[in-house]
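In each ligand, atom 1 is the first atom listed, and ligand 1 is the first ligand listed.
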Amino acid sequence: MSLEGLQPIVEGVGVVGSPLIMAGPCSAETEEQTLSTARRLAMGGVKVFRAGIWKPRTKPGGFEGIGKEGLQWLKRVKEETGMLVATEVAMRRHVEEALEAGVDILWIGARTSANPFAVQEIADALKDAGAEDVAVLVKNPVNPDLELWIGALERLYNAGIRRLGAIHRGFSFYGKSIYRNPPQWHIPIELHRRIPELPIVVDPSHMGGKRELVGPLCQQALDMKFTGLMIESHCTPDEAWSDKNQQVTPEVLKIILSSLVLRNSEQNTESLQQLRQQIDRVDTELLDLYNRRMEISREIGKYKKEHSMPVVQESRYDDLIKSRVAAAVQMGMSADFMKTVLQAIHEESVRQQIEILNKN
Ligand code: PEP
Ligand code: MN
């Protein structure tokens, strides 16, 4: 698919070697906190300031954002520091009030982009306001659904938005993980493959959910050549009214940013090609191994059918996962990775065995 005629989110940045950096607090809380954070970020060289004015909370009773009043603080940030300002919008009224206050970049949050009615309402509001030049970034929906994400982007494109981009902030899940929202990098990579001209900004803060993961996730994002980073930064993170565990001070942010390595991704040396050939060979062997494993699995399926046994024996499955994961961790792979691989293999085995059971 191609979204023709897209413009950069911010002129001159977001190209290789010059990532787009957006930073600021999860929420604008007070005028003092907003301005103090903004001034310190500006001193560190940040050019785009983010702050949530309306906050979607999973449960009622949390801080739901300061609302309209905070837009005046963003205006002051712009006037005083010269930074561009960005905030989240979730409905027509937010769009109208943010545009009225001169907000430069709007983003649609993960809970909102999962709702096509809300996204369409935002797109219509932008069209009605004739605001084609405002930049709009669409966070991935909370659930890992690429079509839903692309659908939201298309609604904005169809409303005439050309400064369009995506924000990858990881995906919700149920269970245990070191991440708040595991990245599932293959999804934004597939988005890039499908719409190569679309800028993709990575949000390591909501992905990691804790300060110590921000730096490593920023580096991973740049290593994968994403367009930029949106990072939560607060003047006094421990006192933040929302998302305090993942916010870093502007000074820590400056250290993180200056330690990032920008790799020259255009280089394609001979030794790299040789390594890639090795990867190709290993992948071929892996495919063959998977195939052999499935053949055995189908044999087991036949056996189970003849002896009227159920397809899944839970204790066997648990033992298998435990021993393989332990071995993988010993070799330096992550437990999460190995579990995901084994679960996928197991699902396919079960599918094939059920096929055999249902065959006459
Ligand atoms: C945010 O950026 O503060 C936010 C609410 O993020 P998300 O929509 O990714 O949860
Ligand atoms: Mn937040």
Report yes if some N/O of [X] lies less than 3.5 Å from some N/O of ligand 1; otherwise report no.
X: Arg169; answer: yes
X: Arg111; answer: yes
X: Lys55; answer: yes

- Query: So which heavy atom in the protein is nearest atom 6 (O) of ligand 1, and how far is it from that ligand atom?
  - Reply: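 Residue, atom and distance for the closest contact: Lys139 NZ, 2.9 Å.
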- Message: Counting non-hydrogen protein atoms only, what is the nearest one to atom 4 (C) of ligand 1? Give residue, atom name and distance.
- Response: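 Ranked first by proximity to atom 4 (C) of ligand 1 is His206 NE2, 3.4 Å.
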- Query: Taking Glu29 for the side chain and Trp241 for the main chain, is one N or O donor matched with an acceptor at less than 3.5 Å?
  - Reply: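 Yes, because the side chain of Glu29 sits within donor-acceptor range (under 3.5 Å) of the backbone of Trp241.
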- Ignoring hydrogens and angles, tell me if any N or O in the side chain of Arg298 forms a donor-acceptor pair with the backbone of Ser349 under 3.5 Å.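 Checking the backbone N and O of Ser349 against the side chain of Arg298, no donor-acceptor pair under 3.5 Å is found.
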- Message: Ser2: which residues meet the side-chain contact (heavy atoms from CB on, under 4.5 Å) condition with it, sequence neighbours left out?
- Response: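 Checked Ser2 against side-chain contact (heavy atoms from CB on, under 4.5 Å); matches are Glu4, Glu197.
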- Leu275: side-chain contact (heavy atoms from CB on, under 4.5 Å) partners, not counting sequence neighbours: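 So Leu275 forms a side-chain contact (heavy atoms from CB on, under 4.5 Å) with Gln278.
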- Task: Between Glu88, Glu232, Gln246, Arg50, flag the one that comes closest to atom 2 (O) of ligand 1 by a heavy atom.
- Result: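 The nearest heavy atom belongs to Arg50.
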- Message: Run Glu97 and Arg93 through salt bridge (charged side-chain N to carboxylate O under 4.0 Å, His left out) and show every step you take.
- Response: CA-CA 6 Å; Glu97 291 177 359; Arg93 178 172 59 81; 3.6 Å; yes
- Flag for Gln120-Asp124: side-chain donor and acceptor within less than 3.5 Å: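 Distance-only check passes for Asp124 and Gln120.
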- Tell me, which pairs form a side chain to side chain donor-acceptor pair (under 3.5 Å) where one or both residues lie in residues 329-345, sequence neighbours left out?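 Matches after skipping sequence neighbours: none remain.
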- Can you list the ligand 1 atoms lying under 4.0 Å from a non-hydrogen atom of Ala110?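 That gives atoms 8 (O), 9 (O) of ligand 1.
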- Below 4.0 angstrom from a heavy atom of Gly109, which ligand 1 atoms are there? Numbered from 1 as shown, please.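 Those qualifying, in numeric order: 8 (O).
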- Do you know which of Arg211, Arg180, Lys55 makes salt bridge (Lys or Arg N to Asp or Glu O under 4.0 Å) with Asp243?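 Exactly one pass, corresponding to Arg180.
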- Task: Using 2.8 Å as the cut-off, note every protein N, O or S atom close to the Mn ion (ligand 2).
- Result: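 Near the Mn ion (ligand 2), below 2.8 Å, one finds Cys26 SG, His206 NE2, Glu232 OE2, Asp243 OD2.
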- Answer yes or no on whether Arg162 is positioned over the face of Tyr157, meaning its NZ or CZ is under 6.0 Å from the six-membered ring centre and within 45° of the axis.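 Geometry flag: set, cation within 6.0 Å and 45°.
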- Does some non-hydrogen atom of Cys26 fall short of 4.0 Å from ligand 1?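 Yes, that is the case, since the closest heavy atom of the residue is under 4.0 Å from the ligand.
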- Query: To the nearest 0.5 Å, how far apart are CD1 in Ile66 and CH2 in Trp73?
  - Reply: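 Interatomic distance, Ile66 CD1 to Trp73 CH2, rounded to 0.5 Å: 4.0 Å.
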